[in-house]
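In what follows, chains are A, B, ... by sequence order, proteins preceding strands, each numbered from 1.
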2 protein chains.
Amino acid sequence: MDRRQEILQSATKSFTLFGYKATTIEQVAKIANVGKGTVYTFFVNKEELFQEVVLNLIDEMKRETDKSIDFNASFMHNAHTALMKMLQFRERHLLFAKLVEEEKELRTPAVKQMLLEIEREIISYISARIQMGIEKDEIIDCNKELVSYMLFKTYLAFIVDWQSTHEEPLKEEDILALFKETIFRGLAKK
Amino acid sequence: MDRRQEILQSATKSFTLFGYKATTIEQVAKIANVGKGTVYTFFVNKEELFQEVVLNLIDEMKRETDKSIDFNASFMHNAHTALMKMLQFRERHLLFAKLVEEEKELRTPAVKQMLLEIEREIISYISARIQMGIEKDEIIDCNKELVSYMLFKTYLAFIVDWQSTHEEPLKEEDILALFKETIFRGLAKK
DNA sequence: AGATGACCGAAATGGTTTTCTGGTCATTTT
DNA sequence: AAAATGACCAGAAAACCATTTCGGTCATCT
């Protein structure tokens, strides 16, 4: 495998395991079996390496989600499977969870910025799907900006916040059912 | 006014303005025009003074909300007015916003605990209202625990989080409309 | 020409001293 | 006598400084 890929992979591993700050370039280089300087021939600095790692993950999620969407099926059905997919991603989201935590306690600016980027990215993705639903006349003509924001925040609340007040994490089917019973049901036309 | 009230009022002002940690007992005493020792004849310690301040605010909110509820009107209508009331409380919620912030950056245990208390309190309040709606057969038989949690978190997201990514705060009517279009609409029976 | 690791300065860390503040209580005030 | 007070104390937080760590560079090596 080419060196760039090698480095990217090591970086992903390290960021996921230790977070942004606790990951050192030297560490990444060692895992990738290259010298420290080599990292800098492919990435201008730590921040951009980080960015690339995160962007890669987002892309993967988008691709996966897109793949699970059936453009002939109903909005409801697709929303269901997409959300399900997301939920099953939970472990993969470990990096995100790690970052959220790091941002909360270390206040690393690079992390905060990246987290905002992720938020923007995901919300715009959801927004586009909602737009399609509206155009297909399957859901009511709502403020898609706000609805996306709401879906995103609600999802996060259940995945991340819930644990901090409750012993055991929510079961996927419960989250799914709740979304269907409330927001999705409310959005459905008729 | 009696000294106890005086102190309570100064404390509220100070906590709201500066947060928990940055509020000193001496400061509170000075504003209330009493000696420091006097504070301790009415409240066992800083934490309990804080608790009383917060509990007062919650109580006030509950009373206000209850007052605005018409037990003969529909769930939808009441949910609307209650939410409206909450939104108009926004400035009063300054304390809560301040506390959320403080908890995020200072990790004050007393604050974290109080925040959880507030969450519990509010969610149980919402939960009770939903139960009523279910009993009156006005809304679907949902998981009231989860729905309350969702409503609470969504509300917070719009009131607190939104500002951090967007320039101007959301307009009350937009938030209201969104809740009606989505969650409330979804909950409504048929 | 591309890779490397010793090297540099800025930033983080840890340990020590100083300052601050919650809480007490002997004294004063009413 | 009962209530109020502020000087005082101990422990927590802040400020300070010495030392280490780590992102980034570049002269050297392959």
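Between Gly37(A) and Ala22(A), the residue anchored closer to the 5' end of DNA chain D is Ala22(A), taking for each the nucleotide with the nearest heavy atom. When each of Val39(A) and Lys21(A) is assigned the nucleotide of DNA chain C bearing its nearest heavy atom, the one mapping closer to the 5' terminus is Val39(A).
What separates CZ of Arg107(A) from C1' of dA12(C) is a distance of 18 Å, to the nearest Å. Following rounding to the nearest Å, Lys36(A) (NZ) and dT25(D) (C1') show an atom-to-atom distance of 9 Å. Across the protein-nucleic acid pair, Asn45(A) atom CG and dC22(D) atom P stand 17 Å apart, rounded to whole Å. We find that CD1 of Ile25(B) is positioned 14 Å from C1' of dC20(C), with the value rounded to whole Å. If you measure from atom OH of Tyr40(B) to atom C1' of dT24(C), you get 10 Å, rounded to the nearest angstrom. Taking atom CG on Leu106(B) and atom C1' on dT21(C), their separation rounds to 16 Å, with Å as the unit. Nucleotide dT5(D) holds its P atom 9 Å from the CG atom of Asn33(B), rounded to whole Å. As a whole-Å value, the separation of Phe42(B) CZ from dA3(D) P is 9 Å.
In this model, a donor atom of one side chain and an acceptor atom of the other lie less than 3.5 Å apart for Glu135(A) and Gln131(A).
At a threshold of 4.0 Å, the pair Glu117(A)-Arg120(A) counts as salt-bridged, since one of the basic side-chain nitrogens sits closer than that to a carboxylate oxygen.
Contact annotation for Thr24(B): backbone-only contact, meaning every heavy-atom pair under 4.0 Å involves sugar-phosphate atoms and none involves a base. Nucleic acid contact class of Lys46(B) (heavy atoms, under 4.0 Å, all strands): sugar-phosphate only.
Although no hydrogens or angles enter the test, the distance criterion places a donor-acceptor pair under 3.5 Å between the side chain of Thr23(B) and the main chain of Ser14(B).
Considering only side-chain N and O atoms, Thr38(A) lies under 4.0 angstrom from the phosphate OP1 or OP2 of dT4(C). Residue Arg3(A) places at least one side-chain N or O closer than 4.0 Å to OP1 or OP2 of dT4(C).
Cation-pi check for Lys46(B) over Tyr20(B) is met; the charged atom lies under 6.0 angstrom from the ring centroid and within 45 degrees of its normal. For the pair Lys144(B) and Tyr149(B), the cation-pi criterion (under 6.0 Å, within 45° of the ring axis) is not fulfilled.
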